Trainee: 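Quick one: this structure, given as structure tokens, is what I'll be asking you about.
Proteins get letters first, then strands, A, B, ... in listed order; numbering begins at 1 in each. Side chains included, hydrogens not; waters and symmetry mates left out as well; all remaining heavy atoms used. Computed from a predicted model, the values in this text were never measured in an experiment.
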Amino acid sequence: MPEFQTSPGTRDILPPDAARWRALTGEFAAVVEPAGYRAIVPPMFEDLGVFLRLGEATDVVTKEMYDFEDKGGRRVALRPEHTASVCRAFVQHRPVEPWKVWYSGPNFRYEKPQAGRYRQFDQVGIEVLGPDDPLLDVEVISLAWDFFVGLGLRGVELRVNSLGDAGDRQRYADELARHFGGHRAEMSAAALETLERNPLRVLDSKRPEDAAAIVSAPSMRDHLSRAAVEHFAAVTAGLAEIGVPHRIDDRLVRGLDYYRRTTFEFVATALPGAQDAIGGGGRYDGLVADLGGPETPGVGFALGVDRTLLACDAEGCFAAPDGEVEVFVVDTTGGSVAMHITRELRRIGRSADRAWDARSMKAQMKAADRSGARVAVIVGSDEAAGGTCIVRNLGDSQQTTIARSDLPAHLDAVLGSPA
RNA sequence: GUGGGUGUAGCUCAGUCCGGUUAGAGCGCCAGGUUGUGGCCCUGGAGGCCGGGGGUUCAAGUCCCCUCACUCACCCCA
């Protein structure tokens, strides 16, 4: 084992995976930018207080925060997600509403690593600040949906729910606490602990002992204000209208407690249960105000890049793009001819690589083969002396000798015009 | 944070239960077979503090303890 390795919960994304990684972000931008979302890049760490607003009852805040004191004595934290940063940026810069932004970048959560769960993990997402129009919720959800579909994913389930307004949520939580209080005897110790902190989260327990108490629990649906009911009805109607399949799940509670009204989650059915949540989001109408800004509604989502890629693996879609070069130059005269040829080729828009360290022709040809190039341009002492080169098709092994000055035109004929 | 599993070559893994000379295989890499030409085949080569530390023993990759890392599940989430 080498002395230095990646820290727990982090890893290197090597080629060709890193290319796929970037391609995924590219796909996301291609879905979201035509809808008017513009890229935002907030800092990776902020004043700890920004993230504490995510909710004191959430694990993300209470036990997973990657916080530390900097040399200036400031209490800062690596961001656990983007939403709080985007809202802080909104309060700080006061852009014109609606403010529609998208992002892509790493988040940090100090958790015990596991399959599909890292301490540094990437998300792509969008946020919209300003409107509280339920049809905006529909747009937001549909963009995530379109993105997944565009990747080729077929086994994605969309679950939606409404948590109501702040008051609804509180009343419901109280009622749930009463309900579960009556079932203490049969429930798991862990669930009882959760009950103390955040009764809503108990609905999330997957333990068999808790199942009965959860099934008989009152539904959020019966505790929504009239306005929240209407909002949610408009959201689900909108989704149905544009043909985005979804399931209403009145037990759906999300991990951050800033959510109000609409919440949703994307589940990849091809993935094991512990890692099948590939994205989620919702409305957070109080968050901007909590961060010291004006009362401003917001909606958004974040999708896990790692898990989305895992889902693609499981479904066999969205393969890594090949990073192969078109031409490989073999030069057995010392290498400087290859230097000139690769430079010329790149200047006219062709990708070209070569071998180093003056290796034998056999070794260079082997490298050419491995590079995935379609043609090899070969220069030995005869060619160097005569100002010619050999162009060899690595597919069918046909080769011809041509004047070096004819190389660009010859490649156009063999490979087509440069991309 | 809690519990299980695993750490041997660049990679995938034998060998560990029942301790015993220079620790193996496949793939990959390098060289040669091919005096200028890749893939296939053949031959050879390089490459291991057997995760780290301590202990038991005449002797430890193998047994015991500790530790670190990875991994899976719970929790939680992306």
Trainee: In whole angstrom, give me the gap between the C1' atoms of B/G48 and B/U22.
Mentor: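 It works out to 14 Å between them.
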Trainee: Distance between the C1' atoms of B/G33 and B/G15, in whole angstroms?
Mentor: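 My reading of the C1' atoms in B/G33 and B/G15 gives 34 Å.
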Trainee: Any base atoms under 4.0 Å from A/G395, or only sugar-phosphate, or nothing? Heavy atoms, all strands.
Mentor: base
Trainee: Spell out, as yes or no, whether a donor-acceptor pair under 3.5 Å connects the side chain of A/Q364 to the backbone of A/R359.
Mentor: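 Between the backbone of A/R359 and the side chain of A/Q364 there is a qualifying donor-acceptor contact (under 3.5 Å).
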Trainee: Take the protein atom CH2 of A/W21 and the nucleotide atom P of B/A78, then report the distance between them rounded to whole Å.
Mentor: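 So the two atoms are 15 Å apart, to the nearest Å.
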Trainee: Cationic tip of A/R354 within the cone over A/W356's six-membered ring, i.e. under 6.0 Å and within 45° of the normal?
Mentor: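 Yes; both conditions hold, so A/R354 lies above the ring face of A/W356.
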Trainee: What I'd like to find out is whether the side chain of A/L176 reaches to under 4.5 Å of the side chain of A/M220, using heavy atoms alone.
Mentor: no
Trainee: Could you please name the partner base of B/U34, counting Watson-Crick and G-U wobble pairs only when both distances are under 3.5 Å?
Mentor: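 B/U34 is unpaired by these criteria.
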Trainee: Suppose you measure atom P in B/A14 against the same atom in B/G7; what distance do you get, rounded to whole Å?
Mentor: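 That atom pair is separated by 8 Å.
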Trainee: Taking the same atom, P, in B/G45 and in B/G5, what whole-Å distance lies between them?
Mentor: 41 Å
Trainee: So, is A/R359 near the phosphate of B/C30, with a side-chain N or O under 4.0 Å from OP1 or OP2?
Mentor: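 Checking B/C30 against A/R359, a side-chain N or O does come within under 4.0 Å of OP1 or OP2.
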Trainee: Rounded to whole Å, how long is the line connecting atom CG of A/D12 with atom C1' of B/C70?
Mentor: 14 Å
Trainee: For RNA chain B, determine which residues of residues 261-277 of chain A have any heavy atom closer than 4.0 angstrom to one of its atoms, and list them numerically.
Mentor: A/A274, A/A277
Trainee: Could you tell me how far apart A/F108 (CZ) and B/C76 (C1') are, to the nearest whole angstrom?
Mentor: 19 Å
Trainee: Within a strict 4.5 Å, meaning less than it, do heavy atoms of the A/F148 and A/L158 side chains meet?
Mentor: no
Trainee: When you check the gap from the basic side-chain N to the acidic O, do A/D285 and A/R260 get nearer than 4.0 Å?
Mentor: no
Trainee: On a whole-Å scale, what distance lies between the C1' atoms belonging to B/C50 and B/A25?
Mentor: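 B/C50 and B/A25 have their C1' atoms separated by 16 Å.
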Trainee: Mind checking the P distance from B/U16 to B/G53? Whole angstroms is fine.
Mentor: 24 Å
Trainee: In Å, rounded to the nearest 0.5 Å, how long is the span from CZ of A/F301 to CD of A/E265?
Mentor: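 CD of A/E265 is found 14.0 Å from CZ of A/F301.
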Trainee: Quickly work out the A/F147 CZ to B/A78 P distance and round it to whole Å.
Mentor: 16 Å
Trainee: At 4.0 Å (heavy atoms only), tell me whether A/I278 reaches a base, stays on the sugar-phosphate, or touches nothing.
Mentor: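 A/I278: backbone/sugar contact only, no base atoms under 4.0 Å.
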Trainee: CG of A/L310 to CD of A/E315: how many Å apart, nearest 0.5 Å?
Mentor: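 One finds 12.0 Å between CG of A/L310 and CD of A/E315.
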Trainee: Taking the six-membered ring of A/F232 as reference, does the NZ or CZ atom of A/R261 fall below 6.0 Å from its centre and within a 45° cone about the axis?
Mentor: no
Trainee: Once you round it to whole Å, what is the distance between P of B/C30 and CG of A/D369?
Mentor: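 To the nearest whole Å, that distance equals 12 Å.
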Trainee: Given that A/F121 and A/P8 both sit by RNA chain B, which one's nearest nucleotide is further toward the 5' end?
Mentor: A/P8
Trainee: Looking only at side-chain atoms of A/R109, point me to the closest of B/C30, B/A78, B/C76.
Mentor: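 The closest nucleotide is B/A78.
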Trainee: Just so I know, are the side chains of A/R88 and A/P43 near enough to count as touching, which here means a heavy-atom distance under 4.5 Å?
Mentor: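 A/R88 reaches A/P43 side chain to side chain.
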Trainee: Please list each protein N or O that sits under 3.5 Å from an N or O in nucleotides 34-37 of chain B, with the distance.
Mentor:
{"from": "B/G36", "atom 1": "O6", "to": "A/D382", "atom 2": "OD2", "distance (Å)": "2.7"}
{"from": "B/G36", "atom 1": "O6", "to": "A/E383", "atom 2": "OE2", "distance (Å)": "3.3"}
{"from": "B/G36", "atom 1": "N1", "to": "A/E383", "atom 2": "OE1", "distance (Å)": "2.7"}
{"from": "B/G36", "atom 1": "N1", "to": "A/E383", "atom 2": "OE2", "distance (Å)": "3.1"}
{"from": "B/G36", "atom 1": "N2", "to": "A/G380", "atom 2": "N", "distance (Å)": "2.6"}
{"from": "B/G36", "atom 1": "N2", "to": "A/E383", "atom 2": "OE1", "distance (Å)": "2.8"}
{"from": "B/U37", "atom 1": "O2", "to": "A/R392", "atom 2": "NE", "distance (Å)": "3.3"}
{"from": "B/U37", "atom 1": "O2", "to": "A/R392", "atom 2": "NH1", "distance (Å)": "3.0"}
{"from": "B/U37", "atom 1": "O2", "to": "A/Q399", "atom 2": "OE1", "distance (Å)": "3.2"}
{"from": "B/U37", "atom 1": "N3", "to": "A/Q399", "atom 2": "OE1", "distance (Å)": "3.0"}
{"from": "B/U37", "atom 1": "N3", "to": "A/Q399", "atom 2": "NE2", "distance (Å)": "3.1"}
{"from": "B/U37", "atom 1": "O4", "to": "A/Q399", "atom 2": "NE2", "distance (Å)": "2.9"}

Trainee: Under 3.5 Å for both donor-acceptor distances, Watson-Crick or wobble: does B/U16 have a partner, and if so which one?
Mentor: none
Trainee: Assess whether one donor atom and one acceptor atom, taken from the side chain of A/R117 and the base of B/C76, lie less than 3.5 Å apart.
Mentor: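 Such a pair exists between side chain and base.
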Trainee: Write down the distance separating the P atoms in B/G3 and B/U62, rounded off to the nearest Å.
Mentor: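 It works out to 26 Å between them.
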Trainee: Between the protein and nucleotides 2-13 of chain B, list every N/O to N/O distance that falls short of 3.5 Å.
Mentor:
{"from": "B/U2", "atom 1": "O4", "to": "A/K112", "atom 2": "NZ", "distance (Å)": "3.2"}

Trainee: Roughly how many Å is it from OH in A/Y118 to P in B/C70, rounded to a whole number?
Mentor: 11 Å
Trainee: Are side-chain N/O atoms of A/E383 and A/T401 paired as donor and acceptor at under 3.5 Å?
Mentor: no
Trainee: Please determine, for the side chain of A/E64, which listed nucleotide (B/G39, B/G32, B/C76) has the closest atom?
Mentor: B/C76
Trainee: Side chain of A/A115 only, please: which of B/C72, B/G39, B/C75 is the nearest?
Mentor: B/C72
Trainee: Could you tell me the separation between the CZ atom of A/F4 and the P atom of B/A69, rounded to a whole number of Å?
Mentor: 14 Å
Trainee: When all nucleic acid strands are considered with a 4.0 Å heavy-atom cut-off, which category describes A/E111: base, sugar-phosphate, or nothing?
Mentor: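 Answer is base: heavy atoms of A/E111 come under 4.0 Å of a base.
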Trainee: Please compare A/Q120 and A/Q398 by the position of their nearest nucleotide in RNA chain B and report the one closer to 5'.
Mentor: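 Residue closer to the 5' terminus by nearest nucleotide: A/Q398.
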Trainee: Any strand is fair game: report the nucleotide pairing with B/U57 by Watson-Crick or G-U wobble, both distances under 3.5 Å, or none.
Mentor: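 Its partner is none (no Watson-Crick or G-U wobble pair with both distances under 3.5 Å).
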Trainee: What is the distance, to the nearest angstrom, from the NZ atom on A/K366 to the C1' atom on B/G32?
Mentor: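 Rounding to the nearest Å, NZ of A/K366 and C1' of B/G32 are 11 Å apart.
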Trainee: Paired with B/C70: which nucleotide, if any, by Watson-Crick or G-U wobble criteria at under 3.5 Å for both distances?
Mentor: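 Matched B/C70 with B/G5 under the 3.5 Å cut-off.
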Trainee: If the P atom of B/G32 is compared with that of B/C17, how far apart are they to the nearest Å?
Mentor: 44 Å
Trainee: Testing A/L200, A/D174, A/L224 for side chain to side chain contact (heavy atoms under 4.5 Å, CB included) with A/R169, which one passes?
Mentor: A/L200
Trainee: Looking at side-chain heavy atoms only, is the closest gap between A/F264 and A/H246 below 4.5 Å?
Mentor: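 Sidechains of A/H246 and A/F264: no contact.
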Trainee: Would you check if the side chain of A/R117 reaches a backbone N or O of A/K112 as a donor-acceptor pair within less than 3.5 Å?
Mentor: yes
Trainee: Given B/C30, is OP1 or OP2 found less than 4.0 Å from the side-chain N or O atoms of A/R370?
Mentor: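 For A/R370, the contact criterion (side-chain N or O under 4.0 Å from OP1 or OP2 of B/C30) is met.
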Trainee: Answer with yes or no whether A/Q114 presents, from its side chain, a donor or acceptor under 3.5 Å of a partner atom in the base of B/C75.
Mentor: yes
Trainee: Do the numbers put A/R11 on top of the ring of A/Y118, so that NZ or CZ is under 6.0 Å from the six-membered ring centre and no more than 45° off the axis?
Mentor: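 Judged by the rule, A/R11 and A/Y118 form a cation-pi pair.
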Trainee: A/P321 versus A/R20: any side-chain heavy-atom pair under 4.5 Å?
Mentor: yes
